[in-house]
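Accompanying notes for the structure given below.
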Amino acid sequence: MAEVKTNAMRMLDRAKIPYRVHMYDHADGKIDGVSVAKKLGQDVDAVYKTLVTKGAGGGYFVFVIPVARELDLKKAARVVGEKSVAMIPVADLNKATGYIRGGCSPVGMKKLYPTVFDASVLNLSAVIVSGGRIGCQIEASPSDLLPLVKAVTAQITFD
């Protein structure tokens with residue numbers, strides 16, 4: 001059966017960025033990042049989740065952090081120059097990004113929002129992020145992936 005390409009994969013293909021696809025069974029409903037890392041047999045420090053926030057000024061911001069870590073909203077707001085940022089309601093995720101919870105990739109959103117990866121990504125030769133749908137992850141080099149989404153890095157999780 002031919003692999004169905006997601007928008008994230010098509011963007012990586014267009015940019016000629018090499019990547020690996022990792023598929024996992026999600027029939028058990030466990031789609032949180034730590035469960036996904038375990039299902040893939042990957043180190044939780046190499047698997048990142050994509051979080052979408054809205055700033056006090058009304059703009060959207062994307063933060064990509066290790067799945068076992070928690071976003072520090074104060075640090076995140078400082079990095080993007082906002083007074084504050086808050087997670088957007090899950091109900092608004094599809095409208096803002098084109099993705100659903102559990103399948104939100106930093107690559108291929110409806111719009112290119114300001115994106116910040118946790119600085120820990122700089123220690124990795126490969127990072128795994130959502131492939132754009134539940135059950136699909138993509139692995140790529142941070143040195144290829146971050147420029148594609150015009151991402152910056154900063155320490156944005158709790159210590």
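As the structure is a prediction and not an experimental result, all values here were calculated from the model.
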Applying a strict under-4.5 Å side-chain criterion to I, L, V, M, F, W and Y, I'd like to know whether [X] and [Y] cluster together.
X: Leu124; Y: Phe63; value: no
X: Val85; Y: Ile88; value: no
X: Leu148; Y: Leu122; value: yes
X: Val80; Y: Val152; value: yes
X: Leu51; Y: Tyr113; value: no

Expected output: side-chain [X] to main-chain [Y] donor-acceptor under 3.5 Å:
X: Gln155; Y: Thr157; result: yes
X: Lys39; Y: Asp25; result: yes
X: Thr6; Y: Gly131; result: yes
X: Arg101; Y: Leu93; result: no
X: Tyr24; Y: Gly135; result: yes

Checklist line | Side chain to side chain, Tyr60 and Val52, heavy atoms closer than 4.5 Å | finding: yes

Notebook entry, point to check: Between Arg69 and Asp118, is there a salt bridge with N-O shorter than 4.0 Å?
Noted result: no

